[in-house]
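Working notes, structure below.
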Amino acid sequence: MPRIDDALDYLAGAKIFSIMDLKSGYWQIEVDDKDGEKTAFVTSDGLYEFKVMPFGLCNAPATFERMMDTVLRGLKWNICLCYFDDIIVFAPNFQEHKCRLRKVLKCIQEAGLTLNSNKCSFGKKKLTILGHLVDEHGIYPDPQKTAAVTKFPVPENVSDVRSFLGLRSYYRRFIKNFADIAKPLHDLLKKNAKFSWGTPQKESFLTLKKLLTSGPVLGHFLPNAETKIHSDASGYGIGAVLVQVQDGKERPLAYASRSLTAAEKNYSTAEKKCLAVVWAISKFRPYLFGRPFTVVTDHHSLCWLANLKDPSGRLARWALRLQEYDINIVYKSSRKHSDADSLSRKPLFESVVENCDEIPSLAAITDYRKEQLKDKHLKSIIRTLGKGDGYQSYQMRNNVLYKRNYDPMRQQWLLVIPKQLRRDVLKSLHDASTSGHLGFAKTYDRIRRKYCWPGLYGSVRRYVSHCRECQRRKSPPQLPSGQLHPIKPPDIPFNKIGVDLLGRFPLTRNGNRWIIVCTDYLTRFTVTKALPTAEATEIAKFLVEEIVLKHGAPREMISDRGRSFLSNLVKDINQLCQTSHLLTTAYHPQTNGLTERFNKTLADMLSMYVDVEQRNWDTILPFVTFAYNSAKQDTTGFSPFFLVHGRDIVTPLDVILPHDTENHADNYVQQLITRPEEARQLAKLHILDAQAVDKRRYDERHRPVNYNVGDLVWVFTPVRKVGLSEKLLRRYFDPYRITRRLSDVTYEVQSIEVTSRRQSKKDIVHVLRLKPYCDPQRQLDDAGAHRIPRRPVTRSQTRLQQDADSS
């Protein structure tokens, strides 16, 4: 079947139209005698078969359209169009139209087809075609259809909403930001959604009716005209406008928009903008393929999309899809990009806010006075000055209110910004790429150079602190959160152990790639083993053979949240041994600090003895582990071997060289009983003293932070994406709610966005990864009451002040 959009596009440049309709179209095609039985139907009078093609056959539309294409072969798409039984003849003038109409009528006559005279119109300058009203100026919606929209009653159920949207969607190419406007109505069609006709649905319903009945006009596509696409994206939809420069002006040809899927809503801002560009080009591909065009976007970073080097993942697929087009992506500020701006920002006074670093021109200042009068606070000051009274700090200059700047290093008069324009000044001087999302001090200084308003300091501080992008990227400018909480050593060796995996290392000749490390929190004794894989079976085998069978079952085991440590096999072993498995908080390895610190020492020792290819580290591992266990620890004052076995280790050198071996059996037995326990208790005291020193030193560089249940926080989550720089990615992600406080430095959090749809998995995080969440919706809340200007001075004082200024 032909596309209606394609048919309408071929009418570009035509001024005279005629439309003809076949009489009982399908019945003018005879059915072959062999196929008549396939159309049989039973009545009370007997069995009947069709001699002509009936309505309702699955292949009837295609057969009829193929017949019309055969009849009008050579004429279709050139001088006429055909959509089923409707034939449209078009021409740029009346003489040409008569010639074309004669050719078409001759073909119809020779084919033996009959027209319905009641539905034929000839030589019209404006004609209703395929549900659209077309003339030489452009394309309009069918007035009969728009009248049906105007009379459409308020929906009372989901079925009514679906009917209304079906009628509206047919003309969505006429409506800018259709997906965004219709979102409240589409929400009613979601699965398991309750029908609730509230204010958002009512506004959406009335807006859609108004937009279509207000007579939008779309231009015809001209192959030789300059073609542009304006695209944009919001948090829940993407939109695009196909534009051509005709008669020196940009004219829209079609609007397109759609809602984002659940996965697409998780894209970053840049990725959503990229998606809008790629989707818009695919949507308007018939207009764009094979000719140069320009994509206009309000996101400057998209200019590199078409020339991306070494792409990967999603960006690679998008970049490859753009390779077949002659495309030029240009940046355009959001205020000039309002046609595709899905956020539908309020129109601003362009001459004032377009470039906040420049002083407005004289023409702009004249109109800018109207903007100041809209602010009640500034209006009262302007009226007071107009009566002849004056304020010490304010003055009307060129019919615009300014305030004196008492800083001698800056310009003398500052433009006073009305309340309704402050958001745009803040966005331009903080959010824009020329401002760089800098901190409060730099943003405040940038604004107060040339502009002012009551409560400027508080407004800037609140705006910057509540900026969503700044919160997602920047770390708090204070001392790190959370004080040190050392892990107390147990009384018995191997009652509390820390386990961790170290690797991956180069594959050794024995097929090993990993090292598993186990450290005792009392004696600092370490057990290591080279493993071929990091699977749960290898870890379970190590725990049983090297720890439980040689040192007894531990009471507590600390590990990270690796997949192997959380396996059911390791969990079963801990349950059988009655071992409590303690997990570190995500992205905070300091919880198992003793084991993590040994990993660095172990890597340093191995690096001294490995060969050039680093394939013998597993053979060296037992020797360096022996060296560590036999060395005295500064923390305990003893070697780990002595605290475990109650005697000093005998090295090969001790065997070679002579030593005094005289020792009485009674003294040896007595020492073997008493010395280990005394040493362990002494080592425990040394550990506690060292931990107290470390805690004091650590707490000097950290601050205590407390959160309450229900508080909203950002959670630091480092991410890596193939093809992207980790240094340029966001670090903090969507706000989480504190659900439980586990300790002074550990909290249980849950994402608030997921909980609105389903129960989400809760996570336990360290306070170092948290920072308070400032709601961007309150970014422009008043920071405080407006300051009252100084009391007006007398007229004589004003005159003296003016004389002093002029002098």
Side-chain angles (χ1 to χ4, degrees), residues 494-521 525-607 610-611 613-626 628-629 717-722 761-765:
F494 284 91
N495 247 22
K496 179 179 292 185
I497 61 174
V499 183
D500 194 21
L501 284 170
L502 185 60
R504 302 173 58 181
F505 292 102
L507 182 65
T508 67
R509 298 177 181 87
N510 297 323
N512 295 315
R513 282 191 179 275
W514 297 84
I515 298 177
I516 186 169
V517 177
C518 176
T519 306
D520 176 32
Y521 268 80
F525 192 89
T526 302
V527 181
T528 62
K529 184 179 181 181
L531 301 178
T533 65
E535 299 298 329
T537 54
E538 297 289 345
I539 295 176
K541 184 178 179 180
F542 170 81
L543 292 175
V544 173
E545 295 180 355
E546 303 295 333
I547 305 301
V548 177
L549 298 182
K550 294 182 179 180
H551 303 280
R555 289 292 170 261
E556 293 180 348
M557 184 181 76
I558 304 174
S559 73
D560 58 25
R561 297 174 178 267
R563 177 176 56 87
S564 300
F565 292 116
L566 297 178
S567 64
N568 293 331
L569 181 58
V570 175
K571 185 184 300 183
D572 293 340
I573 292 176
N574 289 329
Q575 290 179 352
L576 293 174
C577 297
Q578 296 184 354
T579 300
S580 177
H581 191 181
L582 308 178
L583 300 175
T584 64
T585 54
Y587 300 104
H588 193 256
Q590 295 92 323
T591 307
N592 194 12
L594 181 62
T595 307
E596 296 288 348
R597 183 60 186 85
F598 172 75
N599 289 343
K600 181 179 183 302
T601 303
L602 180 60
D604 292 339
M605 291 190 295
L606 288 174
S607 66
V610 294
D611 56 17
E613 296 179 350
Q614 297 183 354
R615 300 186 62 184
N616 65 332
W617 57 263
D618 57 345
T619 60
I620 301 172
L621 180 61
F623 296 93
V624 296
T625 304
F626 172 86
Y628 179 85
N629 289 330
T717 307
V719 295
R720 293 183 178 91
K721 293 187 178 181
V722 179
K761 180 181 179 181
K762 298 180 179 179
D763 196 9
I764 298 176
V765 298

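No experiment lies behind these values; they were computed from the predicted model shown.
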Please list, chain by chain and in numerical order, all residues satisfying side-chain hydrogen bond (donor to acceptor under 3.5 Å, both in side chains) with Ser564, sequence neighbours excluded. none
Among residues at least two apart in sequence or on other chains, which ones pass side-chain hydrogen bond (donor to acceptor under 3.5 Å, both in side chains) with Asn574? none
Considering only residues two or more places apart or on different chains, which pairs with a residue in residues 575-584 satisfy side-chain hydrogen bond (donor to acceptor under 3.5 Å, both in side chains)? Ser559-His581
How long is the gap from CG on Leu594 to CD on Glu596, to the nearest 0.5 Å? 10.0 Å
Got Leu543 and Ile516 here, is their nearest side-chain heavy-atom distance under 4.5 Å? no
Pick from Asp500, Leu602, Asn599, Leu501: which one makes a side-chain contact (heavy atoms from CB on, under 4.5 Å) with Ile515? Leu602
Can you name the nearest heavy-atom pair linking Leu566 to Arg561, along with the distance? CD1-O, 3.6 Å
What pairs meet the side-chain hydrogen bond (donor to acceptor under 3.5 Å, both in side chains) rule with one or both residues in residues 525-535, with sequence neighbours excluded? Thr528-Thr625
Measuring from atom OG1 of Thr519 to atom CZ of Arg597, what distance do you get when rounded to the nearest 0.5 angstrom? 12.0 Å
Quick one: CD on Glu556 to CG on Asn495, what's the gap to the nearest 0.5 Å? 8.0 Å
Close side-chain approach of Pro506 and Glu613, heavy atoms under 4.5 Å: no
Mind checking what makes ring-ring contact (aromatic ring centres under 6.0 Å, His included) contact with Trp514, not counting sequence neighbours? none
By side chain to side chain contact (heavy atoms under 4.5 Å, CB included) - contacts of Ile573 (at least two apart): Ala540, Val544, Cys577
Check step by step if side-chain contact (heavy atoms from CB on, under 4.5 Å) holds for His551 and Val527. CA-CA 11 Å; His551 303 280; Val527 181; 4.2 Å; yes
Please name the pair of heavy atoms, one in Leu621 and one in Ala530, separated by the smallest distance, quoted to 0.1 Å. CD2-N, 3.6 Å
Which is it for Ile558 and Thr595 under the side-chain contact (heavy atoms from CB on, under 4.5 Å) test, yes or no, and what are the steps along the way? CA-CA 9 Å; Ile558 304 174; Thr595 307; over 6 Å; no
Run the side-chain contact (heavy atoms from CB on, under 4.5 Å) check on Tyr521 and Asn592 step by step: do they pass? CA-CA 10 Å; Tyr521 268 80; Asn592 194 12; 2.7 Å; yes
Please enumerate all residues that pass side-chain hydrogen bond (donor to acceptor under 3.5 Å, both in side chains) together with Ser567, with sequence neighbours excluded. none
Minimum heavy-atom separation for Leu569 to Ala536, with atom names? CD2-O, 3.9 Å
Could I get the full list of side chain to side chain contact (heavy atoms under 4.5 Å, CB included) partners for Pro622, not counting sequence neighbours? none
Donor-acceptor contact below 3.5 Å, side chain Trp617 vs main chain Asn512: no
Test of understanding: with side chain to side chain contact (heavy atoms under 4.5 Å, CB included), list the residues that count as partners of Lys550, not counting sequence neighbours. Glu546
What pairs with Ile620 under side chain to side chain contact (heavy atoms under 4.5 Å, CB included), at least two apart in sequence or on another chain? Leu606, Tyr609, Val610, Asn616, Val624
Residues that Asn510 engages under side-chain hydrogen bond (donor to acceptor under 3.5 Å, both in side chains), provided they are two or more places apart: Asp618
Sorted by first residue and then second, give each salt bridge (Lys or Arg N to Asp or Glu O under 4.0 Å) pair with at least one member in residues 509-520; sequence neighbours left out. Arg509-Asp611
